[in-house]
Peer 1: 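Could you have a look at this structure, given as structure tokens, before my questions?
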Amino acid sequence: MKKFVILGGGYGGLAIANRLLEGDIPSDTIITLVDRMPYQGLKTEFYALAAGTISDLDVRVAFPSDPRIEYKYGAVTGIDLESRTVTMDQEETIEYEWLAIALGCTDKHHGIPGADQYTASIQSLANTRKTYAILNDVKPYGEVNIIGGGLSGVEIAAELRESRPDLNIRILDRGPRVLSAFPEKLSQFVSSWFVEHDIALCSHISVSKIEPGVIYDQERPIYGDVAVWTAGIQPSEVVQKLNVPKDAQGRILLNEYYQIPSYPEVYVAGDCASLAFSPSAQVAGVQGDQIAQVVQAIWQGQTPRLDKIRLKGVLGSLGKKSGFGYMGKRTFIGRVPRLLKMGVLWKSKHHFG
Ligand SMILES: Cc1cc2nc3c(=O)[nH]c(=O)nc-3n(C[C@H](O)[C@H](O)[C@H](O)COP(=O)(O)OP(=O)(O)OC[C@H]3O[C@@H](n4cnc5c(N)ncnc54)[C@H](O)[C@@H]3O)c2cc1C
């Protein structure tokens, strides 16, 4: 049997699998999905799992069951593009005819000493579980520093306030305002929500070093019981090791069909792919779906035709009752974007694109 191997069953990898399973798969071909977990972990909800406002089960989605797809569970350790093989942690090797790399991302610590060892992470489900334990074990009225005021930093701070009203929560950001990639109006709304909910915002922080219980803003110490890292991401370690052309963020450069130009049998999806958009679940889902369209066209001997990717906008939450978002030039604040975000989550749990 020929193998279409998909590495990673997250937003990108599952979009490829689901779309392929909706159509015809050649009778001599099987899809092999590889992941270290036997279910999808909904990464967009990891902030709530870390804060303790939802359960582990709430962020898991079962993989599709179909005789045309098989599963291999374990950690991918490397890809040999020349011999077309994937190596796994248990010394197993998987050969492929076609490969899709959809392994998501990991923290980027920008070479800051101690950042890797002394900060909690929400970039994998395993690490988020550890972060949940650390955050919920902080002593009463303890101090939590969240490094990075982007979407995930803002969401975890707000959710933690809901979970632990006693804690002193602080967001440290290197820019002048939180959510610097969002319209200023949203940033202002979020800042006032934080003032109202007693979350401190510290801007222009330049983290130079982290030690147990202390973050250094250049020379100035900022003390705390826990530091959570939300200040940068990069593609997974397997992609970091892959010797192919990449963009400045370390994402793999691709042709118009999302193939690695010198290895057209290899597709790359989601956070590992160099796209014209910032990494997001939405992009990973749409692009994964398009990869499946390309593969189906090739299997049918046709030239792939892809629509331009159009995104629907961005939504963020501030606890369970408030949120923010923008679509095109319109911004939304309060309860409506929070309800919309719940709708998006429901759709992704039930495989509606
Ligand atoms: C707190 C938070 C909030 C977010 N909120 C939003 C949001 O509101 N909207 C939005 O669009 N995006 C959001 N994002 C971003 C979004 O989650 C990612 O961009 C998206 O998950 C990327 O999809 P992906 O398929 O590339 O990777 P993932 O969905 O992360 O999937 C990668 C898969 O690969 C597996 N894997 C990784 N390495 C290995 C390995 N070595 N071996 C085996 N398996 C492996 C993982 O287990 C995982 O199943 C958020 C991210 C975070 C952290």
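As the structure lists them, so they are numbered: ligands from 1, and atoms in each ligand from 1.
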Peer 1: Counting only heavy atoms, tell me which of G41, G313, A281, S152 gets closest to atom 1 (C) of ligand 1.
Peer 2: S152
Peer 1: Hey, what do you get for CD (Q40) to CG (D35), rounding to the nearest 0.5 Å?
Peer 2: 9.0 Å
Peer 1: Which of the numbered atoms in ligand 1 are below 4.0 angstrom from a heavy atom of A102?
Peer 2: 32 (C), 33 (C), 34 (O)
Peer 1: Quick one: look at Q123 and ligand 1, take heavy-atom pairs under 4.0 Å, and tell me if it's side chain, backbone, both or neither.
Peer 2: side chain
Peer 1: Would you say the side-chain atoms of T53 and E159 include a donor-acceptor pair closer than 3.5 Å?
Peer 2: yes
Peer 1: Determine whether Q259 and I298 satisfy the following criterion, side chain to side chain contact (heavy atoms under 4.5 Å, CB included), listing intermediate values before the conclusion.
Peer 2: CA-CA 12 Å; Q259 299 159 329; I298 291 173; 3.9 Å; yes
Peer 1: Nearest to atom 47 (O) of ligand 1, what protein heavy atom do you find, and at what distance?
Peer 2: D35 OD1, 2.7 Å
Peer 1: Taking atom CD of Q117 as the centre, does the number of heavy atoms from other residues, nucleotides or ligands within less than 6.0 Å exceed 12?
Peer 2: yes
Peer 1: Any non-hydrogen atom of A75 lying under 4.0 Å from ligand 1?
Peer 2: yes
Peer 1: Looking only at heavy atoms of P279, does any of them come nearer than 4.0 Å to an atom of ligand 1?
Peer 2: yes
Peer 1: Check whether any heavy atom of K341 sits under 4.0 Å from an atom of ligand 1.
Peer 2: yes
Peer 1: What atoms of ligand 1 come within less than 4.0 Å of a heavy atom belonging to G74?
Peer 2: 42 (N), 43 (C)
Peer 1: Treating T131 as the side-chain partner and S121 as the backbone partner, does any N or O pair qualify as donor plus acceptor under 3.5 Å?
Peer 2: yes
Peer 1: What are the atoms of ligand 1, with element, lying closer than 4.0 Å to any heavy atom of S280?
Peer 2: 10 (C), 11 (O), 12 (N), 18 (C), 19 (O)
Peer 1: Kindly assign one of parallel, tilted or perpendicular to the pair W229 and H109, based on the angle between their ring planes and the thresholds 30° and 60°.
Peer 2: tilted
Peer 1: Just by distance, with hydrogens left out, do T106 and Q123 show a side-chain donor and acceptor under 3.5 Å apart?
Peer 2: no
Peer 1: Short list, please: which atoms of ligand 1 are under 4.0 Å from a heavy atom of A284?
Peer 2: 23 (O)
Peer 1: Any heavy atom of Q40 sitting closer than 4.0 Å to ligand 1?
Peer 2: no
Peer 1: Applying salt bridge (charged side-chain N to carboxylate O under 4.0 Å, His left out), run through E155 and K341 and close with a yes or a no.
Peer 2: CA-CA 12 Å; E155 288 192 319; K341 193 170 161 89; 3.1 Å; yes
Peer 1: Starting from atom 44 (N) of ligand 1, locate the nearest protein heavy atom and write down its residue, its atom name and how far away it is, to 0.1 Å.
Peer 2: R36 N, 3.2 Å
Peer 1: Hey, is ligand 1 close enough to V34 that some N/O pair sits below 3.5 Å?
Peer 2: no
Peer 1: Donor-acceptor check, side chain of E265 to backbone of W98, threshold 3.5 angstrom: yes or no?
Peer 2: no
Peer 1: Report yes or no: does A50 have a heavy atom closer than 4.0 Å to ligand 1?
Peer 2: no
Peer 1: For atom 52 (C) of ligand 1, what's the nearest protein heavy-atom neighbour? Residue, atom name and distance, please.
Peer 2: K43 O, 3.8 Å
Peer 1: Looking at atom 45 (C) of ligand 1, what's its closest protein heavy atom, distance included?
Peer 2: L103 CD2, 3.5 Å
Peer 1: May I ask you to identify the nearest protein heavy atom to atom 21 (O) of ligand 1, giving residue, atom name and distance to one decimal place in Å?
Peer 2: Y11 CD1, 3.2 Å
Peer 1: Relative to the heavy atoms of Q282, which atoms of ligand 1 are at a distance of less than 4.0 Å?
Peer 2: 11 (O)
Peer 1: Would you say the side-chain atoms of Q290 pair up with the backbone N or O of D307, donor to acceptor, closer than 3.5 Å?
Peer 2: yes
Peer 1: Can you tell me if OH on Y132 sees more than 12 non-hydrogen neighbours from other groups inside 6.0 Å?
Peer 2: no
Peer 1: To which protein heavy atom is atom 40 (C) of ligand 1 closest, and what is the distance rounded to 0.1 Å?
Peer 2: V76 N, 3.6 Å
Peer 1: Would E70 and K3 count as a salt bridge (charged side-chain N to carboxylate O under 4.0 Å, His left out) if you check the C-alpha gap in whole Å, the side-chain angles of each, and the deciding distance to 0.1 Å?
Peer 2: CA-CA 10 Å; E70 61 173 14; K3 278 185 196 286; 2.7 Å; yes
Peer 1: Can you report which non-hydrogen protein atom sits closest to atom 4 (C) of ligand 1, along with the distance?
Peer 2: T44 CA, 3.6 Å
Peer 1: Does R161 reach the main-chain N or O of H197 with its side chain, forming a donor-acceptor pair under 3.5 Å?
Peer 2: yes
Peer 1: Using a 4.0 Å cutoff against the non-hydrogen atoms of L315, which atoms of ligand 1 qualify?
Peer 2: 8 (O)
Peer 1: Looking at I122, which atoms of ligand 1 are within less than 4.0 Å of one of its heavy atoms?
Peer 2: 1 (C), 53 (C)
Peer 1: With no hydrogens and no angle check, is any side-chain donor or acceptor of H110 less than 3.5 Å from a backbone partner on A115?
Peer 2: no
Peer 1: Checking F324 now: which residues fulfil ring pair (Phe, Tyr, Trp, His ring centres under 6.0 Å) with it, not counting sequence neighbours?
Peer 2: F182
Peer 1: List the closest protein heavy-atom neighbour of atom 18 (C) of ligand 1: residue, atom name, distance to the nearest 0.1 Å.
Peer 2: D271 OD2, 3.5 Å
Peer 1: Any nitrogen or oxygen of Y47 lying under 3.5 Å from a nitrogen or oxygen in ligand 1? Just yes or no.
Peer 2: no
Peer 1: Can you name the atoms of ligand 1, numbered from 1 with element, that are less than 4.0 Å from a heavy atom of G270?
Peer 2: 26 (O)
